[in-house]
Structures are given as structure tokens and as C-alpha cells.
Amino acid sequence: MTTQPDPVLVLVDHDHGGVAPSAWEILAVARHLGPVHAVLVGAGPEGALEELAAYGVAAAHLVEAPADVALLAPTVARSLTRVAASADATTVVLAASPRNAEIAALAARELGAGLLLDARSLGRGADGRLVTEQLAFASMWSVVAESLAERCVVTLRPEPSHVLAHDARTEPSIRRHRLPEGDELRGLRLSSRTSSIAAEGPKLSSARVVVAGGRGTGGDFGPLRELAAALGGAVGSTRVATDEGWIAADTQIGQTGATVSPALYVGAGVSGAVHHRGGMQSAGVVVAINNDPDAPIFEIADFGVVGDLFEVVPQLTAEVLRRRS
Ligand SMILES: Cc1cc2nc3c(=O)[nH]c(=O)nc-3n(C[C@H](O)[C@H](O)[C@H](O)COP(=O)(O)OP(=O)(O)OC[C@H]3O[C@@H](n4cnc5c(N)ncnc54)[C@H](O)[C@@H]3O)c2cc1C
């Protein structure tokens with residue numbers, strides 16, 4: 001007699017009826033662990049069901065909630081724990097992001113589960129336990145960890161290479177859940193929501209070209225945005241720039257920010273500190289623009305320009321546009 005593996009819950013991030021691309025990458029990995037149950041929290045997730053069926057999802061759990069509460073981490077965490085209990089799921093997987101780290105921690109506490117954050121890969125060991133690989137200390141160490149608890153909550157870094165073809169069409173069963181209530185959910189209300197993400201251009205995490213700026217910009221990212229637009233790329237930044245409030249926090253690249261692997265990374269006014277490198281050193285080609293010839297970023301740059309970024313970057317943009325026209 002063969003025993004059916006436990007369901008694997010996957011939180012599917014969605015917004016305005018569209019599923020976040022990271023969800024497909026997470027679902028593809030989760031399929032190797034057991035039957036996948038997608039969890040969608042928020043308003044109007046039905047639009048995503050057809051797409052989910054193409055990715056081999058066995059069941060979809062819809063927790064409908066108005067946007068002002070569905071965006072709150074405690075609401076999502078409580079929803080996950082409710083669904084995990086009802087589906088008898090021992091594994092919960094979320095796409096790695098600062099918000100999902102908070103949700104995962106709250107859910108793990110409620111479930112009494114092990115918590116593994118920011119995994120690059122996820123699988124099972126010989127004894128069936130969950131095993132993850134993570135990078136640590138500015139990506140200088142690789143760490144393999146396993147969960148000893150009966151239940152485990154994991155955040156997994158989405159990587160485009162994880163995505164499988166639409167080869168596993170299923171008819172997912174639909175299960176509806178009521179919005180959880182509880183003390184943690186009271187006393188919190190979302191007052192307003194304004195996107196600080198560029199309305200146009202690719203997402204930083206999946207962009208083929210990233211133009212990053214640091215302290216050397218002095219807060220003026222205008223020339224970098226123009227270069228990124230000319231190259232069809234995304235704008236990134238160092239922690240100094242985000243800490244100064246010059247640019248949105250989700251553009252930060254590095255140990256405590258996003259990891260990017262673009263074909264081309266351009267760093268302007270960026271020193272190349274080890275904490276920043278941890279998030280960009282797997283870029284295909286690295287171009288550095290810095291007025292200090294001894295800046296550490298030149299150690300890893302394929303091409304370097306020693307000069308003032310406010311002189312160099314506009315010339316670069318003009319040349320890109322000239323060649324494109
Ligand atoms: C635990 C921890 C985690 C961290 N996580 C991150 C992280 O995730 N990401 C991150 O980026 N940092 C992180 N940091 C901070 C990191 O150590 C560096 O302080 C930061 O990356 C430096 O940012 P920067 O290159 O913008 O600034 P600086 O190091 O000050 O470099 C600015 C550079 O701009 C050049 N410059 C100045 N003016 C011009 C100009 N006009 N034209 C051209 N070049 C110019 C200078 O020569 C200099 O090289 C972390 C630090 C710690 C302790």
C-alpha cells in the first residue's frame with residue numbers, strides 16, 4: 001500500500017486579479033514535494049483559478065477578504081494556519097519577501113512549526129524531512145538546514161529557472177474559507193495604500209538589465225532612471241540610498257535586500273561593499289561608474305569608467321538611444 005504525501009500549501013501572492021510571477025516559480029518547486037494546495041487571500045481571486053489549473057494545483061483555498069484587511073500580515077498568517085489545519089498540510093511555502101517573512105514567522109508560531117527563511121532550494125532528505133539551502137554572510141556561505149518539527153513553514157526565493165511548462169493541467173477543487181477573526185487582527189486597519197514601484201519597466205527581481213545607484217547619486221536618481229529606461233531595465237539601489245529615503249526600500253540590492261541576476265548590471269556611485277555584492281555578484285556583465293579609481297566595485301567589474309556619474313551616465317544614455325534609433 002502506498003501512502004499519499006501530505007498536501008503542500010503554497011501562498012499565492014496576487015493583486016488586482018493577477019497572480020504574481022513568483023507564484024509560478026514557487027508552485028513548480030512545491031509540486032515535487034506533494035499535492036499542491038494554493039491559498040489565495042483577498043478580494044476576487046477567482047480570475048487566477050484557470051491559470052492555477054495549468055500548474056498542477058490539486059486544490060485552491062479561497063479566503064475572501066476586503067483589501068484593507070487582506071494586506072495585513074496577521075490576516076494572511078491566520079488564514080494560512082486555518083487552511084493548514086483543515087487540509088492536514090504539514091508544509092507551507094511562501095515566496096521570499098520581507099512581507100512574507102513576517103507572515104511566515106507568525107504562521108510558524110501559530111502552527112508550532114519549524115521556520116526556514118529565504119531558501120534558494122527546497123527538497124526532501126532521505127528521511128522525508130524538508131531540506132533547504134540558503135546563502136549566509138553576504139552570500140559567502142551556503143547553509144543546508146532541515147526542519148525537525150512535524151510542520152514547517154518555508155520562504156523560497158523565486159527563480160525563473162524553477163518554472164515548468166504548462167504540462168500538468170488539473171481540475172483543482174475549490175474550497176472557500178471565512179475570513180479569520182481574532183485578537184491579533186483587531187486594532188489594525190490599513191488606512192491607505194500608494195504604490196512606490198515604478199509603473200513602467202520590468203520588475204527588479206527578473207529584469208535583464210539593472211541600473212543601480214548609491215550614495216554617489218546624492219539622491220538624484222534621474223540620470224539612472226533615464227539610462228534604465230533606454231536599456232529596458234529596472235533601477236536598483238544600495239542600502240545607503242534607501243536608508244536616506246532617496247528611493248523605495250524594495251529597490252535595495254544586497255544581503256538585506258533583493259538578489260538580482262541580470263544579464264547586465266550597471267552600478268553608478270556604488271562602492272561595491274560586500275553586503276551589496278551579495279545581491280548582484282551573479283550578474284552576467286558588471287559595469288561600474290565611480291569617481292574613485294580604488295573603489296572595490298572595480299574588482300568585480302567587467303567594464304569600469306572612472307568619472308563623475310553625472311557626466312558619464314547621460315553620455316551613456318545618449319549613446320544607447322542613438323544606437324537604438
Ligand atoms: C548587516 C548589514 C547589512 C547590509 N545590507 C546591505 C544591502 O543589502 N545592500 C547594500 O547595498 N548595503 C548593505 N549594507 C551596507 C553596506 O555595507 C554599504 O555601507 C553600502 O552598500 C554602501 O553603499 P554605497 O555604495 O551607496 O555608499 P558608499 O560606500 O559610501 O559608496 C559611494 C560611492 O560613490 C562614489 N561616488 C561619490 N560621488 C560620485 C559621483 N559623483 N560619481 C561617481 N561616483 C561617485 C564614491 O567614490 C563611493 O565609492 C549592509 C550593512 C550591514 C552592516
Side-chain angles (χ1 to χ4, degrees), residues 95-102 117-120 134-143 155 157-159 196-197 203-207 209-228 230-231 233-262 264-283 286-320:
S97 71
R99 174 174 178 265
N100 282 356
E102 184 183 353
L117 294 178
D118 224 12
R120 293 176 74 210
Q134 288 123 306
L135 294 179
F137 298 117
S139 302
M140 291 191 295
W141 288 81
S142 172
V143 177
T155 69
R157 287 200 173 203
E159 290 192 15
S196 56
I197 298 173
K203 278 186 68 177
L204 179 64
S205 56
S206 53
V209 176
V210 169
V211 180
R215 194 196 302 274
T217 64
D220 181 2
F221 273 72
L224 275 60
R225 289 189 205 283
E226 285 169 13
L227 177 60
L231 292 167
V235 175
S237 68
T238 67
R239 184 159 148 180
V240 166
T242 57
D243 282 354
E244 290 286 347
W246 294 340
I247 189 163
D250 56 14
T251 63
Q252 183 189 314
I253 295 167
Q255 184 183 335
T256 45
T259 299
V260 296
S261 302
L264 171 65
Y265 165 98
V266 181
V270 172
S271 63
V274 67
H275 300 104
H276 183 76
R277 289 187 199 192
M280 50 64 69
Q281 60 196 9
S282 61
V286 174
V287 175
I289 301 160
N290 198 303
N291 59 11
D292 175 5
D294 296 323
I297 195 160
F298 288 125
E299 293 165 12
I300 56 164
D302 298 286
F303 300 95
V305 181
V306 178
D308 184 337
L309 74 89
F310 293 102
E311 289 175 17
V312 177
V313 173
Q315 290 179 47
L316 192 52
T317 307
E319 184 60 18
V320 170

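Note: hydrogens, waters and symmetry copies are ignored here, and every other heavy atom, side chains too, is used. Read the numbers this way: they start at 1 and go in the same order the structure lists the ligands and their atoms.
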**Q** Report the nearest protein non-hydrogen atom to atom 27 (O) of ligand 1: residue, atom name, distance rounded to 0.1 Å.
**A** R215 CB, 3.5 Å
**Q** Below 4.0 angstrom from a heavy atom of G214, which ligand 1 atoms are there? Numbered from 1 as shown, please.
**A** 26 (O)
**Q** Quick check on contacts: which atoms of ligand 1 are under 4.0 angstrom from a heavy atom of D308?
**A** 40 (C), 41 (N), 42 (N)
**Q** Considering only heavy atoms of G257, which atoms of ligand 1 have at least one such atom less than 4.0 Å away?
**A** 8 (O)
**Q** Considering all heavy atoms of both residues, which atom of F221 and which atom of G213 are nearest to each other, and what is their separation?
**A** CZ-O, 3.6 Å
**Q** To the nearest 0.1 Å, how far is atom 17 (O) of ligand 1 from its closest protein heavy atom, and which atom is that?
**A** H275 ND1, 2.8 Å
**Q** Students should be able to answer this: which protein heavy-atom is nearest to atom 4 (C) of ligand 1, and at what distance?
**A** R239 NH1, 3.2 Å
**Q** From the options Q252, H276, M280, E244, select the one whose nearest heavy atom is closest to atom 7 (C) of ligand 1.
**A** Q252
**Q** Any chance you could measure S271, atom OG, to R215, atom CZ, to the nearest 0.5 Å?
**A** 8.0 Å
**Q** Looking only at non-hydrogen atoms, find the nearest pair between A228 and V235 and report the distance.
**A** CB-CG2, 3.7 Å
**Q** So is there a nitrogen or oxygen of N291 less than 3.5 Å from a nitrogen or oxygen in ligand 1?
**A** yes
**Q** Is there any N or O on G272 that sits under 3.5 Å from an N or O of ligand 1?
**A** no
**Q** Note the single closest protein heavy atom to atom 49 (O) of ligand 1, along with its residue, its atom name and the distance in Å.
**A** N290 ND2, 2.9 Å
**Q** Is there at least one pair of N or O atoms, one from L309 and one from ligand 1, spaced under 3.5 Å apart?
**A** yes
**Q** Take V313 and V211, measure what side-chain contact (heavy atoms from CB on, under 4.5 Å) needs, and give me the verdict at the end.
**A** CA-CA 10 Å; V313 173; V211 180; 5.9 Å; no
**Q** With sequence neighbours excluded, what pairs up with S282 under the side-chain hydrogen bond (donor to acceptor under 3.5 Å, both in side chains) test?
**A** S261
**Q** Could you check atom 32 (C) of ligand 1 against the protein and tell me its nearest heavy-atom contact, residue, atom and distance included?
**A** G269 O, 3.5 Å
**Q** Under 4.0 Å from any heavy atom of G216, which atoms of ligand 1 are there?
**A** 34 (O), 36 (N), 37 (C), 38 (N), 39 (C), 40 (C), 41 (N), 45 (C)
**Q** I want to know if ligand 1 touches A273 in the polar sense, i.e. an N/O pair below 3.5 angstrom.
**A** no
**Q** In the protein, which heavy atom is nearest to atom 31 (O) of ligand 1, and how far is it?
**A** S271 CB, 3.2 Å
**Q** Should one rank T238, I253, D292, D243 by closest heavy-atom distance to atom 9 (N) of ligand 1, which comes out on top?
**A** I253
**Q** Distance check, rounded to the nearest 0.5 Å: F310 atom CZ versus L224 atom CG?
**A** 8.0 Å
**Q** Please tell me if the side chains of L204 and D250 come closer than 4.5 Å, counting only heavy atoms from C-beta onward.
**A** no
**Q** Out of curiosity, I300 CD1 to R277 CZ, how far, rounded to the nearest 0.5 Å?
**A** 4.5 Å
**Q** Under the salt bridge (charged side-chain N to carboxylate O under 4.0 Å, His left out) test, which residues partner E102, sequence neighbours left out?
**A** none
**Q** Are G307 and ligand 1 in contact, using a heavy-atom cut-off of under 4.0 Å?
**A** yes
**Q** With rounding to the nearest 0.5 angstrom, report the OG1 to CH2 distance, T251 to W246.
**A** 12.0 Å
**Q** Distance check, rounded to the nearest 0.5 Å: T256 atom OG1 versus H276 atom NE2?
**A** 11.0 Å
**Q** In terms of atom number and element, which parts of ligand 1 are under 4.0 angstrom from non-hydrogen atoms of Q255?
**A** 7 (C), 8 (O)
**Q** Which of the numbered atoms in ligand 1 are below 4.0 angstrom from a heavy atom of G254?
**A** 7 (C), 8 (O), 9 (N)
**Q** Out of T256, I297, V312, who is nearest to atom 8 (O) of ligand 1 when you count heavy atoms only?
**A** T256
**Q** Taking atom OG1 of T217 and atom CD1 of I247, what is their separation to the nearest 0.5 Å?
**A** 8.0 Å
